[in-house]
Amino acid sequence: MKIAIIDYGSGNLHSVQHSVAFAAAQHPGADVKTVSDADALMGCDYIILPGVGHFADCWSGLNKIDGMTGALEEMVLARARPFLGICVGMQLLADHGHEGGQATPGLGWIRGQVRHFSDAFGKTGTTPLKVPHMGWNQLTVHERNHPVSAALEEQVHMYFVHSYVFETEDKAHIFASCDYGVQVPALIGRDNLLGTQFHPEKSQRAGQQLLDAFLSWQP
């Protein structure tokens with residue numbers, strides 16, 4: 001089993017690699033590697049896209065790797081390899097990310113928009129909370145039939161660091177959420193795609209359980 005973690009300059013690469021390697025140790029024969037070119041992605045069985053920072057910067061970094069978005073479409077959409085996006089790696093699944101009054105296109109694999117918390121607070125009339133949303137928060141799991149979300153314990157807490165919210169068009173794509181003044185999609189997915197707004201690599205035992213469930217998943 002070959003597990004690829006895409007290296008496109010994201011700040012949480014090494015912590016993700018360490019946590020994924022720990023989870024992969026439970027799967028005999030698993031091989032974890034970071035990849036920074038499109039050819040190296042081909043032939044992998046599981047694909048993980050980490051992400052820290054601004055949507056536009058991460059999108060630019062991904063597109064600077066020649067052929068990478070095309071290789072992702074081939075491996076994830078055409079060949080249906082299991083895919084996990086983490087934090088901004090999840091947000092890049094959206095149609096657009098909105099920063100500084102500008103819209104930056106994303107992969108468009110899960111329909112929706114990524115907007116600042118202030119927009120979300122404004123829509124609901126919620127009293128604004130401190131941004132970024134940083135720290136531990138309890139998840140509410142909405143989808144218990146999926147093998148990965150089903151592995152999450154009741155009242156599980158995960159670690160978050162983010163200022164933007166993925167507003168999905170289809171609420172059925174929200175497998176778990178958390179409450180931070182507004183309902184924040186925390187685990188989203190469809191078909192062979194998953195994304196976490198929280199950081200499993202910073203979420204200790206609960207995060208490792210999720211990574212182990214992801215590496216056991218065969219969509």
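All values derive from a computational prediction rather than experimental measurement.
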- Task: Kindly write out the residues that satisfy side chain to side chain donor-acceptor pair (under 3.5 Å) with His133, not counting sequence neighbours, or none if the list is empty.
- Result: Asn137, His162

Tell me the closest heavy-atom pair linking [X] and [Y], and the distance in Å.
{"X": "Ile48", "Y": "Pro50", "answer": "O-CD, 3.5 Å"}
{"X": "Gly51", "Y": "Asn12", "answer": "N-OD1, 3.2 Å"}
{"X": "Gln91", "Y": "Phe166", "answer": "CA-CD1, 4.0 Å"}
{"X": "His142", "Y": "Ala176", "answer": "CD2-CA, 3.8 Å"}
{"X": "Ser177", "Y": "Gln183", "answer": "OG-OE1, 3.1 Å"}
{"X": "Tyr164", "Y": "Glu99", "answer": "OH-CG, 3.4 Å"}

Taking [Y]'s backbone N and O only, do any of them form a donor-acceptor pair with [X]'s side chain (distance below 3.5 Å, no angle check)?
{"X": "Asp179", "Y": "Gly181", "answer": "yes"}
{"X": "Ser60", "Y": "Ala56", "answer": "no"}
{"X": "Asp119", "Y": "Arg115", "answer": "no"}

Working to the nearest 0.5 Å, report the span between [atom1] of [X] and [atom2] of [Y].
{"X": "Thr140", "Y": "Leu187", "atom1": "OG1", "atom2": "CG", "answer": "12.0 Å"}
{"X": "Glu167", "Y": "His98", "atom1": "CD", "atom2": "NE2", "answer": "8.5 Å"}
{"X": "Gln155", "Y": "Gln138", "atom1": "CD", "atom2": "CD", "answer": "5.0 Å"}
{"X": "Ile86", "Y": "Ser15", "atom1": "CD1", "atom2": "OG", "answer": "8.5 Å"}
{"X": "Ile6", "Y": "Asp37", "atom1": "CD1", "atom2": "CG", "answer": "11.0 Å"}
{"X": "Ile3", "Y": "Met1", "atom1": "CD1", "atom2": "CE", "answer": "4.0 Å"}

- Task: Evaluate the criterion side chain to side chain contact (heavy atoms under 4.5 Å, CB included) for residue pair Leu49 and Leu62; output intermediate values, then yes/no.
- Result: CA-CA 10 Å; Leu49 182 66; Leu62 190 63; 4.1 Å; yes

Is any side-chain heavy atom of [Y] closer than 4.5 Å to one of [X]?
{"X": "Trp136", "Y": "Ser203", "answer": "yes"}
{"X": "Phe22", "Y": "Leu211", "answer": "no"}
{"X": "Thr34", "Y": "Gln17", "answer": "yes"}
{"X": "Val161", "Y": "Cys87", "answer": "no"}
{"X": "Phe175", "Y": "Val141", "answer": "no"}
{"X": "Pro185", "Y": "Gln197", "answer": "no"}
{"X": "Trp109", "Y": "Leu72", "answer": "yes"}
{"X": "Asn63", "Y": "Tyr8", "answer": "no"}

- Message: Looking only at side-chain N and O atoms, does Ser149 offer a donor or acceptor that is under 3.5 Å from a partner on Glu143?
- Response: no

- Note on the structure: In Lys202, Gln208, His199, the residue satisfying side-chain hydrogen bond (donor to acceptor under 3.5 Å, both in side chains) with Ser19 is Gln208

- Before giving the answer on side chain to side chain contact (heavy atoms under 4.5 Å, CB included), spell out for Leu139 and Phe198 the whole-Å C-alpha distance, their side-chain angles and the decisive distance to 0.1 Å. CA-CA 10 Å; Leu139 302 189; Phe198 55 84; 3.8 Å; yes

- What's the verdict on side chain to side chain contact (heavy atoms under 4.5 Å, CB included) for Asp170 and Arg190, showing C-alpha distance, side-chain angles and the deciding distance? CA-CA 10 Å; Asp170 188 344; Arg190 70 168 181 85; over 6 Å; no

- May I ask you to check whether His146 and Trp217 place their ring centers less than 6.0 Å from one another? yes

- Does Tyr180 have its ring centroid less than 6.0 Å away from the ring centroid of Phe117? yes

- Message: Checking Leu92 against Cys58 for the side chain to side chain contact (heavy atoms under 4.5 Å, CB included) test, could you report, in this order, the C-alpha distance in whole Å, the side-chain angles of both residues, the deciding distance, and whether it holds?
- Response: CA-CA 8 Å; Leu92 289 173; Cys58 289; 4.2 Å; yes

- Message: Whether Lys2 and Asp45 form a salt bridge (side-chain N of Lys/Arg under 4.0 Å from carboxylate O of Asp/Glu) is what I want to check.
- Response: no

Review item, side-chain donor-acceptor pairs of residues 73-84, under 3.5 Å, at least two apart:
| unit_1 | atom_1 | unit_2 | atom_2 | d |
| --- | --- | --- | --- | --- |
| Glu74 | OE2 | Arg79 | NE | 2.9 |
| Arg81 | NE | Cys44 | O | 2.9 |
| Arg81 | NH1 | Arg79 | O | 3.2 |

- Please say whether more than 12 non-hydrogen atoms of neighbouring residues, nucleotides or ligands are located less than 6.0 Å from CZ in Arg205. no

